[in-house]
Amino acid sequence: MAGTETPRFKQWQLSTTLGIDGLNLVEDASIAQVGDEEVLVEMHAASLNFLDLFVAKGGQPGTLEQQPNPGLVTGCDGSGIIKAVGAAVKDFAPGDRIVTHLIGRIPDDAKVDFDSLRSSLGMGTNGTLTQYGKFHHSNLVHAPRSLSFEQAATLPCSGLTAYNALFGLGGRQVQRDQWVLVQGTGGVSVAALQIAVAVGAHVVATTSSAEKAVKLEILGAKHVLNYRDTPEWGVPARAFTPGKVGFDHVVDIGGDATLGESVKAVKTDGVVSTIGLLGGPADQQVPMMAAFQNACIVRGLVAGTRQQMRDFVAFVDEKGMKPALDDMVFGIEDARKAYWRQERQQHFPRWSSSCTVEALQVVRYLREEV
Ligand SMILES: NC(=O)c1ccc[n+]([C@@H]2O[C@H](COP(=O)([O-])OP(=O)(O)OC[C@H]3O[C@@H](n4cnc5c(N)ncnc54)[C@H](OP(=O)(O)O)[C@@H]3O)[C@@H](O)[C@H]2O)c1
């Protein structure tokens with residue numbers, strides 16, 4: 001055990017009331033000590049994800065059951081500085097800059113599934129919307145040297161998921177001059193756009209907003225389609241690729257509402273990564289036969305491994321990639337406003353992680369108060 005004895009600090013917890021307004025700001029949290037395998041972190045930034053909204057509303061992955069978990073510290077993404085480590089922790093030391101990793105206590109190369117997701121930070125394990133956090137060491141990796149705390153805080157959930165989509169399937173890693181399609185301006189999609197641009201791939205994006213289309217182009221999208229004006233965007237998007245052969249990668253975050261267009265847009269033997277369900281229920285579910293009819297690979301994936309997170313951190317440093325941040329930054333007391341901003345889809349960019357990549361840099365301005 002390592003003595004820690006933090007001052008009193010602020011953190012956000014789930015309460016018995018579901019919904020964003022049910023989130024509870026605790027003003028006098030404290031941590032007395034950390035266990036042998038634990039690490040005490042002074043948090044500097046956190047970034048919201050769709051997952052955080054889902055949890056606040058009482059959802060669990062794979063179901064829509066309402067399961068409040070009162071007292072759990074919310075938030076899955078964050079960054080900070082280590083203040084103390086337990087006796088058995090060998091890979092970190094006080095003073096190290098870290099980012100969180102969604103799912104700990106499994107081997108570093110273990111694939112994540114919906115069952116393990118239930119134990120993720122902010123869902124089954126105390127999370128990041130706190131001025132000090134106590135984490136199992138396997139829930140952390142070293143932060144990129146080249147990023148601020150705010151930028152680094154956007155990497156864990158949506159960033160890692162996007163990295164896994166584009167690099168996680170052996171033999172299909174995204175390459176220079178390939179074509180990638182991303183959907184909308186949420187955390188996963190903006191991260192995927194930036195990762196693809198960083199390797200020299202060509203990106204086509206969809207969005208519902210003319211204003212956001214401009215931002216997508218600034219971030220490097222070659223073409224942008226409005227999915228409200230052109231609900232059947234699959235064939236028009238494909239027409240942007242040389243010879244109209246289709247995309248090497250389609251990063252699908254809409255689920256049944258978008259998969260039908262995604263398989264029309266992808267090229268023969270290209271990869272459609274099915275990641276989310278933001279499009280809501282569709283009139284018809286897309287049959288598995290769509291993969292046969294369009295001769296493509298459809299790959300479901302959940303977040304990524306801890307080793308992929310380390311690889312992603314190295315990628316970010318090597319490529320000099322700077323995650324796009326939301327225009328708004330909130331202090332920790334205003335985290336609920338950030339949740340509402342994300343709920344209303346006003347954030348952009350942000351990845352995952354986060355209304356910014358929206359970064360909810362909740363702790364940033366509060367250090368001096370601790
Ligand atoms: N599999 C995993 O491990 C994993 C990890 C992270 C997230 N996810 C899932 O991936 C999805 C995205 O997460 P996120 O954090 O990126 O969400 P987010 O930041 O909340 O994304 C919001 C944006 O999605 C876009 N969008 C909504 N419906 C769309 C549609 N029908 N077509 C295209 N774009 C649409 C909108 O973009 P515009 O405003 O530009 O229209 C909206 O602003 C969620 O379902 C989340 O649960 C899964």
Side-chain angles (χ1 to χ4, degrees), residues 47-57 59-62 64 76-77 102-103 111-114 116-117 120 122-123 154-165 168 181-193 204-216 219 221 224-234 237 250-262 265 273-282 299-305 308-309 324 326 338-360:
S47 174
L48 280 187
N49 288 270
F50 182 81
L51 183 64
D52 300 309
L53 289 177
F54 188 65
V55 173
K57 293 173 190 174
Q60 293 283 308
L64 291 178
C76 58
D77 287 5
L102 206 54
I103 294 148
K111 297 277 188 285
V112 175
D113 59 18
F114 267 54
S116 44
L117 191 60
S120 64
M123 175 174 269
T154 67
L155 300 186
C157 180
S158 21
L160 176 61
T161 303
Y163 183 81
N164 186 0
L181 185 134
V182 301
Q183 302 170 355
T185 51
V188 174
S189 302
V190 174
L193 183 159
V204 175
T206 66
T207 180
S208 59
S209 148
E211 188 191 344
K212 292 181 179 182
V214 174
K215 291 187 181 181
L216 286 164
L219 288 175
V224 182
L225 282 167
N226 187 309
Y227 63 85
R228 294 257 160 78
D229 298 344
T230 312
E232 296 186 0
W233 47 261
V250 176
V251 180
D252 189 286
I253 53 82
D256 285 328
T258 50
L259 273 169
E261 296 307 307
S262 292
S273 294
T274 171
I275 287 173
L277 35 72
L278 271 183
R299 176 184 181 233
L301 63 102
V302 181
T305 68
Q308 283 176 318
M309 185 67 188
D326 188 18
Y339 273 81
W340 278 115
R341 182 167 167 81
Q342 170 125 358
E343 167 75 8
R344 293 173 182 139
Q345 302 195 344
Q346 294 165 328
H347 59 292
F348 175 63
R350 132 221 122 115
W351 6 318
S352 148
S353 245
S354 7
C355 282
T356 7
V357 179
E358 156 196 84
L360 167 66

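Both counts, for ligands and for their atoms, begin at 1 and track the order of listing.
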Closer than 4.0 Å to some heavy atom of [X] - which atoms of ligand 1 meet that?
X	result
Thr207	38 (P), 40 (O), 41 (O)
Leu277	45 (O)
Gly186	16 (O), 18 (P), 19 (O), 21 (O), 22 (C), 23 (C)
Gly276	9 (C), 10 (O), 11 (C), 45 (O)
Gly187	14 (P), 16 (O), 19 (O)
Gly184	25 (C), 33 (C), 34 (N), 37 (O), 40 (O)
Gly279	31 (N)
Val302	1 (N), 2 (C), 3 (O)

Any sub-3.5 Å donor-acceptor pair from [X]'s side-chain atoms to [Y]'s backbone N or O?
X	Y	answer
Ser116	Asp113	yes
Thr206	Gly184	yes
Thr230	Tyr227	no
Thr207	Ser209	yes
Gln308	Thr305	yes

Item checked: Residues which pass side chain to side chain donor-acceptor pair (under 3.5 Å) with Asp256, listed by chain and number, not counting sequence neighbours -> Gln285
Is the closest N or O pair between [X] and ligand 1 shorter than 3.5 Å?
X	result
Gly254	no
Lys212	yes
Leu301	yes
Ile275	yes
Thr185	yes
Cys157	no
Thr258	no

Note to self: Distance alone, cut at 3.5 Å: any donor-acceptor contact between the side chains of Ser262 and Asp252?
What the structure shows: yes
Next item on the list: Ignoring hydrogens and angles, state whether a donor on the side chain of Asn164 or Thr161 is under 3.5 Å from an acceptor on the partner side chain.
Entry: no
Margin query: Measuring from atom CG of Asp326 to atom OG1 of Thr154, what distance do you get when rounded to the nearest 0.5 angstrom?
Written below: 11.5 Å
Next item on the list: Just jot down the side chain to side chain contact (heavy atoms under 4.5 Å, CB included) partners of Ala56, sequence neighbours excluded, or say none.
Entry: Leu23, Tyr339
Does only the side chain of [X] get under 4.0 Å from ligand 1, or the backbone, or both, or neither? Count heavy atoms.
X	result
Val112	neither
Ala257	neither
Val188	both

Check: With a 4.0 Å cut-off on heavy atoms, is Ala303 touching ligand 1?
Finding: yes
Check: Of the choices Tyr227, Phe114, Phe50, Phe54, which has the non-hydrogen atom that lies closest to atom 29 (C) of ligand 1?
Finding: Tyr227
Check: Hey, which of Ile253, Val55, Leu277 is the one that makes side-chain contact (heavy atoms from CB on, under 4.5 Å) with Phe50?
Finding: Leu277
Margin query: Using the rule given for side chain to side chain contact (heavy atoms under 4.5 Å, CB included), can you reason through Cys157 versus Cys76, listing the C-alpha separation, both sets of side-chain angles and the distance that settles it, and then say yes or no?
Written below: CA-CA 7 Å; Cys157 180; Cys76 58; 4.0 Å; yes
